[in-house]
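In what follows, chains are A, B, ... by sequence order, proteins preceding strands, each numbered from 1. Remember, it's a predicted structure, so these values are computed and weren't measured experimentally.
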There are 2 protein chains.
Amino acid sequence: MRGEIMNTEVDSKITDSEWEVMRVVWAQDNVTSKEIRKVLEQKKNWKPATTKTFIGRLVKKGMLHTETEGNKYVYSTNITENEFIKSTLNETFDNICNKDVGKTIVDLISKSTLSFQDIDRLEKVLEMKKKDAVEEVPCTCVPGQCNCKDDNCSSKH
Amino acid sequence: MRGEIMNTEVDSKITDSEWEVMRVVWAQDNVTSKEIRKVLEQKKNWKPATTKTFIGRLVKKGMLHTETEGNKYVYSTNITENEFIKSTLNETFDNICNKDVGKTIVDLISKSTLSFQDIDRLEKVLEMKKKDAVEEVPCTCVPGQCNCKDDNCSSKH
DNA sequence: CAAAATCGATTACAGTTGTAAACTAATGTT
DNA sequence: AACATTAGTTTACAACTGTAATCGATTTTG
């Protein structure tokens, strides 16, 4: 943490395909192109050239760093998978009315497989949340993109 | 529900811009092009022609239906916003190791504004979840995209 | 009824994404 | 040293996206 600003927001947009590449890098920390290609040839049936394209684009975007080793590169990243996931989900939730976030998370939990420990942690964070829970979540949607403001909208949420 | 098959999965991929249009339709159920354009000119500064393009593409994709009224259309959809959101989030979670889902939801809750009622509902669904909670969530990632299988991976999650 | 406004459809066009072959330089092999 | 392999770079190209102007038909307005 040598004095850099710790920016939580991952600004780079990446595509689904690029995400596949990133997952290999996150899982292995320092990887060669060959290792990435092997994994994704398995999973996605990508030709080596295809994977190379995505790697190249990620380097150009600054998501991957390269360290020369002989004639090849070893790839790595300084963006953590967790930060990236949070950032991606944030963007999705930007498209959802704040009032609906709770229900959306309920749905999410419903269809997920969770461990006892997960449930424990979730209960704990909910306990914390009670401290700053509100009576009614304020809607910040623009008028016309949500019917919260029509009346008090309680029937809808 | 006249005998159609109720398919929960929303297959159509839509873009961010198209999502903006859909939100207007969801908020108002039956809208004219003019109403959609008005909202998005406000929010996104889109020229009328731009919004028209997105509406047209959504119709072509089958996400929007049209009903003629005079020389214009009234747009509507039979995909619910909630189903769409769930479907979108599912796709995102497909990129996340099952073992990490719990922690991801914890993060999501942490940064959301929730009402007391939301928290109530969340606690309730967690209570249900305890019935089918597991000791350890099985990872289904392909090898190389997650280090769960290296050893027992407990230190990572 | 003529003119203006409006609607949906068509066309435009640059940038992004998915998919991959070809090229060039370096490395490993015989 | 010659040849084969491999790595990264360049080029290709169609489909999808964002952004919008234009066009042709129709409706509203004066």
Side-chain angles (χ1 to χ4, degrees), chain A residues 10-25 28 30-77 88 91-92 94-95, chain B residues 10-25 28 30-77 88 91-92 94-95:
Chain A
V10 179
D11 42 346
S12 318
K13 274 265 188 206
I14 71 173
T15 70
D16 276 342
S17 301
E18 288 164 357
W19 195 337
E20 295 288 349
V21 174
M22 289 305 293
R23 290 192 65 186
V24 181
V25 181
Q28 311 193 31
N30 281 71
V31 247
T32 61
S33 162
K34 173 151 53 168
E35 291 175 282
I36 299 175
R37 274 171 8 230
K38 189 185 58 188
V39 173
L40 295 175
E41 188 170 348
Q42 286 284 316
K43 178 173 183 188
K44 308 288 292 184
N45 263 92
W46 286 341
K47 299 275 183 292
T50 303
T51 306
K52 284 187 201 179
T53 301
F54 297 139
I55 294 173
R57 287 177 184 165
L58 283 166
V59 172
K60 192 182 310 177
K61 287 185 190 183
M63 291 278 297
L64 288 185
H65 296 157
T66 59
E67 200 183 330
T68 307
E69 185 182 89
N71 70 324
K72 63 183 118 169
Y73 289 154
V74 173
Y75 297 95
S76 61
T77 181
T88 301
E91 266 160 48
T92 301
D94 280 348
N95 292 323
Chain B
V10 179
D11 42 346
S12 318
K13 274 266 186 205
I14 71 173
T15 70
D16 276 343
S17 300
E18 288 165 356
W19 195 336
E20 294 288 349
V21 173
M22 289 305 293
R23 289 192 65 185
V24 181
V25 181
Q28 311 193 31
N30 280 72
V31 247
T32 61
S33 162
K34 173 151 51 168
E35 292 175 281
I36 299 174
R37 273 169 11 228
K38 190 185 58 189
V39 173
L40 296 175
E41 189 169 349
Q42 287 285 317
K43 178 174 184 187
K44 308 288 293 183
N45 263 92
W46 286 341
K47 299 275 183 295
T50 303
T51 306
K52 284 187 201 179
T53 300
F54 297 139
I55 295 174
R57 288 178 184 166
L58 283 166
V59 172
K60 191 181 311 176
K61 286 186 192 185
M63 290 280 297
L64 287 184
H65 296 159
T66 59
E67 200 184 332
T68 308
E69 184 183 89
N71 70 326
K72 63 183 118 169
Y73 290 153
V74 173
Y75 298 95
S76 62
T77 181
T88 301
E91 266 160 48
T92 301
D94 280 347
N95 291 324

Roughly how many Å is it from [atom1] in [X] to [atom2] in [N], rounded to a whole number?
X	N	atom1	atom2	value
B/Lys38	C/dC7	NZ	C1'	17 Å
A/Lys13	C/dT17	NZ	P	9 Å
A/Lys47	C/dA21	NZ	C1'	11 Å
B/Leu58	C/dA9	CG	P	13 Å
B/Glu20	D/dG18	CD	P	10 Å
B/Asn71	D/dA25	CG	C1'	8 Å

Mark yes or no for a side-chain to base donor-acceptor pair under 3.5 Å between A/Ser33 and D/dA7, with no hydrogen or angle criteria applied.
no
Contact class for [X] vs. all strands (heavy atom < 4.0 Å): base, sugar-phosphate, or nothing?
X	answer
A/Tyr73	sugar-phosphate
A/Lys61	sugar-phosphate
A/Thr53	base

Among C/dG18, D/dT9, D/dG18, the nucleotide that comes nearest once only the side chain of A/Asp16 is considered
C/dG18
A/Arg37 side chain, from C-beta outward: closest of C/dA20, D/dT17, D/dA7:
D/dA7
Take atom NZ of A/Lys43 as the centre, draw a 6.0 Å sphere, and report whether it contains more than 12 heavy atoms from other residues, nucleotides or ligands.
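Counting other residues, nucleotides and ligands, NZ of A/Lys43 exceeds 12 neighbours.
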I'd like to know if the side chain of B/Glu35 reaches the main chain of B/Thr32, judged simply by a donor and an acceptor atom lying under 3.5 Å from each other, with no hydrogens or angles considered.
yes
Salt bridge (Lys or Arg N to Asp or Glu O under 4.0 Å) involving A/Lys34 - partner list, sequence neighbours excluded:
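Partners of A/Lys34 by the salt bridge (Lys or Arg N to Asp or Glu O under 4.0 Å) criterion come out as none, since no residue qualifies.
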Please tell me which of B/Lys72 and A/Ile14 maps to the more 5' nucleotide of DNA chain C, matching each residue to the nucleotide holding its nearest heavy atom.
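Checking each residue's closest nucleotide, the 5'-ward one belongs to B/Lys72.
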If you assign each of A/Ala49 and B/Phe54 to its closest nucleotide in DNA chain D, which residue comes earlier from the 5' end?
A/Ala49
